[in-house]
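Report on the structure given below.
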Amino acid sequence: MAKTVVFPDSEPLKDPLSVGSRDKKQGGGKRPDYRAQALRLRPQRQALPIYSARSAIIKSITENATVVIVGETGSGKTTQIPQYLLESGITAGGKTAIAVTQPRRVAATSIAKRVAEEVGTPLGGRVGYTIRFEDCSSDATQLRFCTDGLLLREILADPLLRRYSVVVLDEAHERTLRTDILLGMLKDIQRERTRVAQLNRDAEQTSAESMEYAPDHRSRGTHVKFGEPEEDEKNEGDGTAAPVMDEVHGDVSGLDDLHIVVMSATLDAERFSEYFDKAPILYVAGRQFPVTTYYTSDPQSDYLDAAHLATLQIHTDTPSDSGDILVFLSGQEDIENVERLLLDSAANLPKGVPSLLPCPIFAALPQAQQSRVFDPAPEFTRKVILATNIAETSLTIPGIRHVIDSGVHKVRGFDPRVGESLLVEPISKSSARQRTGRAGREAAGFCYRLYTEADYAQLPEDSIPEIKRCQLSMVVLQLKASGVKDVMKFDFMDRPSRKALKHALLELYALDALDDAGELTPLGKWMSEFPLEPTYAKVIYASAAAGCTREAIDIVSLLSVDSLFYVPADKREESNAAQMAFRSADGDHLTYLNLLRAFNKVNGDSVWCQEHFVNRRNVRHVLDVRQQLNRLCARLGMDIERSCGTDLASVLRCFLAGFFHNCAMLQPDGTYRSLNGSQAVNIHPASSLFGKKTPAIFYDQLVFTNKLHARAVSAVDSAWIAQAAPKLYGRLQSNSST
DNA sequence: GAGCACTGC
């Protein structure tokens, strides 16, 4: 079944502009000479390892419903295969398009740019990209790069993905939550498209007057009214209306089969192949420089210490022009510790040894400091990049020849009984190989694993797919909204536990997104329109009746990033003082709101942000989310300017419509206990309510690290909790008066 | 007394 592609292929590439329709905006004289540029890049394209397999790849994809392609780093699969498809004429002269999904936004945009250059068209013409907040595509776009999350949203609007004849899933081996949902849904869509296409072909043959399609299994749009949510619980919705084919599938005449291409970097291709009914697997050789791997002879009890010593050893034993050092650590704390150790040692290096410059990089680090890893090191200096997993896949740092692998990373986990966790765990073999590969991007390199070879042998082959270790309420809502009746029977490539699925169903039921029969309610359908966790969508819904939609949208947007502030380890006091300016006695939600207002007042001034330890990039992301939610809410008929003014208690109250499960009460001994599980809950030290004895609180999330921490906490009156969830907590008395 | 990485019409 599996075959290796090594066929020579002498067929020259076609003229990029002679294939398919031409771009609309031509002429005018001033436009850059795209064609000349494409011709210039052609020799590079033809020199890629994958080029020799070009015709075999096209043949396999056009002849099979699904093809799995394994290509190592540097094979060129990501940029070339989409172009081969474009050249193959699979888009029926431009009537249909090709979608290529990426797990990350930057990848989608940068690859689209590169491919547009190679094809010889302006970006947004025949080749374009679409990511959240940014659409660089047009009606002429036949090759669209997008994030996998975006294609998922597209399925909600177009359940059969009618505009596409091919969907390419890149980086499928990463098994992100969205890749896994896409895999399942695409399999479904492919089956339905084949059926419809067959009917179309039959109809063409017999020219039958009326075609009959099987009963529709997808739900139709319904609407939700605002103003009196108490009253319209029951009599809302039109779910019983007779199905109208066009509303569901749109025009299906002429609809053809959907081709799926699964691209993966590792050798777990067999599993993808099995999942897609034994789809053929093509292997494409990559181009990587050799990396020599070393293990420690004994297990290391302290990997921070080991990382520090290994760095010094490499630095003194190899010439400084032999490349920079990249150290993989688990998180900010690790990184700051190793940085401190290195700075101490760097100050005491023997004479004649070049300087050592530690460069930390992790997601929460402000942009300005992140970009330092890309700056060339000063004269006679070697850079040591101290990184989290961010350097494993998300960004590639040039100049790296030495990799030090601690063998650990932090993993977000979820268990319906224990809740969410964030713990340091050993990495997988494929992750270790990925880290190693980072030393061989530009030349032969070295990888130093801070664990023994025997330990390596014990590591799991692959990490557990995200879908098996995260909350599923949003996944389930999305599946329900795209017409999956029984999520327990959905064909997941890796099935989440029954418990986790049930937990999600119960959560959605509690939020009134599902009814007694487990069917999507009109409110549930409404909530699924939001690119948000269902709890947040519920808060926005409740804000209409509470008269605080403005504030609800603001705060929900603020909660969509995980660090509004950046606190360097050595400036905790200073930053605490600076943050007092925004602090609300009611807790973090209103503190964040104050921050947003202050940020807007100074127009996001970067000096102001620095002085207040505000993460500017993240607040700007908040503004993007806010704008998107504003538009969506306006479209759904909400009054987005409806504000509660100074009555901010009503916003907090409104949050309980989504967060009644996330409440805790102060105990006589000064600790907190959660209302739903009676677990001991600790207010996170970064919270504005830390150390305060607030009688009743609700929190945005509960995460176990070394303790169970409530992050983003606000004070509430327990009577509000009783009113938000009378069946669960109706007995609670108010704690505000007296 | 302390936060891995992503994503969303």
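Per chain, numbering begins at 1; letters A, B, ... match sequence-line order. These numbers come from a predicted model, not from an experiment.
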Can you measure A:Asn706 atom CG to B:dA2 atom C1' for me and round it to whole angstrom units?
8 Å
Touch class at under 4.0 angstrom, heavy-atom based, for A:Ile390 against every strand present:
sugar-phosphate
What nucleic acid atoms does A:Thr147 come within less than 4.0 Å of, heavy atoms only: base, sugar-phosphate, or nothing?
sugar-phosphate
Compare side-chain N and O positions of A:Asn682 against OP1 and OP2 of B:dG1 and report whether any pair is under 4.0 Å apart.
no
Mark yes when over 12 heavy atoms from residues, nucleotides or ligands other than A:Arg620 sit less than 6.0 Å from its CZ; otherwise mark no.
no
Just to be sure I understand the rule, does A:Arg132 reach a base, reach only the sugar-phosphate, or reach nothing, if contact means heavy atoms closer than 4.0 Å?
base
Test: A:Arg144 cationic atom under 6.0 Å from A:Tyr129 six-membered ring centre, within 45° of axis
no
Sugar-phosphate, base or nothing in reach of A:Phe362, heavy atoms under 4.0 Å:
sugar-phosphate
When we call it a touch if two heavy atoms are under 4.0 Å apart, what does A:Leu532 touch: a base, just sugar-phosphate, or nothing?
base
Can you tell me how far C1' of B:dA2 sits from OH of A:Tyr699, to the nearest Å?
18 Å
Rounded to the nearest Å, what distance is computed from the CD atom of residue A:Glu573 to the C1' atom of nucleotide B:dG1?
11 Å
Spacing between A:Gln434 atom CD and B:dC6 atom P, to the nearest angstrom
14 Å
Salt bridge present between A:Arg550 and A:Asp554 (N-O < 4.0 angstrom):
yes
Length of the line joining A:Asp148:CG and B:dA5:P, which is rounded to integer Å
18 Å
Whole-Å gap separating P (B:dG3) and CG (A:Leu559)
18 Å
Nearest nucleotide by nearest heavy atom, which residue falls closer to the 5' end of DNA chain B, A:Val411 or A:Glu533?
A:Val411
Taking atom C1' of B:dT7 as reference, at what distance in whole Å does atom CZ of A:Arg412 sit?
14 Å
Within the structure shown, what part of the strands sits under 4.0 Å from A:Arg105 by heavy-atom distance: base, sugar-phosphate, or nothing?
sugar-phosphate
With a non-hydrogen cut-off below 4.0 angstrom, is A:Glu466 in contact with a base, only sugar-phosphate, or nothing?
base
Between B:dA2, B:dA5, B:dG8, spot the one nearest the side chain of A:Met474, thanks.
B:dG8
Ignoring backbone atoms, test whether A:Thr176 places a side-chain nitrogen or oxygen under 4.0 Å from the OP1 or OP2 oxygen of B:dC6.
no
Quick one: do A:Glu392 and A:Arg438 make a salt bridge, cutoff under 4.0 Å?
no
Could you give the CZ-to-P distance, from A:Arg469 to B:dA5, as a whole number of Å?
13 Å
Taking donor-acceptor contacts at under 3.5 Å, does the side chain of A:Arg711 reach the base of B:dG3?
yes
Mind checking A:Gln701 for me? I need base, sugar-phosphate or nothing, with any heavy atom below 4.0 Å counting as a touch.
base
Considering heavy-atom distances to DNA chain B, does A:Asp562 or A:Leu632 have its closest nucleotide positioned more toward the 5' end?
A:Asp562
A:Arg178 has a side chain; which of B:dC6, B:dG8, B:dA2 sits nearest to it?
B:dC6
With a cut-off of 6.0 Å (strictly less than), are more than 12 heavy atoms of other residues, nucleotides or ligands near CD1 of A:Ile464?
no
Does B:dA2 have OP1 or OP2 under 4.0 Å away from a side-chain N or O of A:Thr705?
no
Looking at A:Glu461 and A:Arg433, does any basic side-chain N land under 4.0 Å from a carboxylate oxygen?
yes
Tell me which nucleotide among B:dA5, B:dG8, B:dA2 gets nearest to the side chain of A:Leu150.
B:dG8
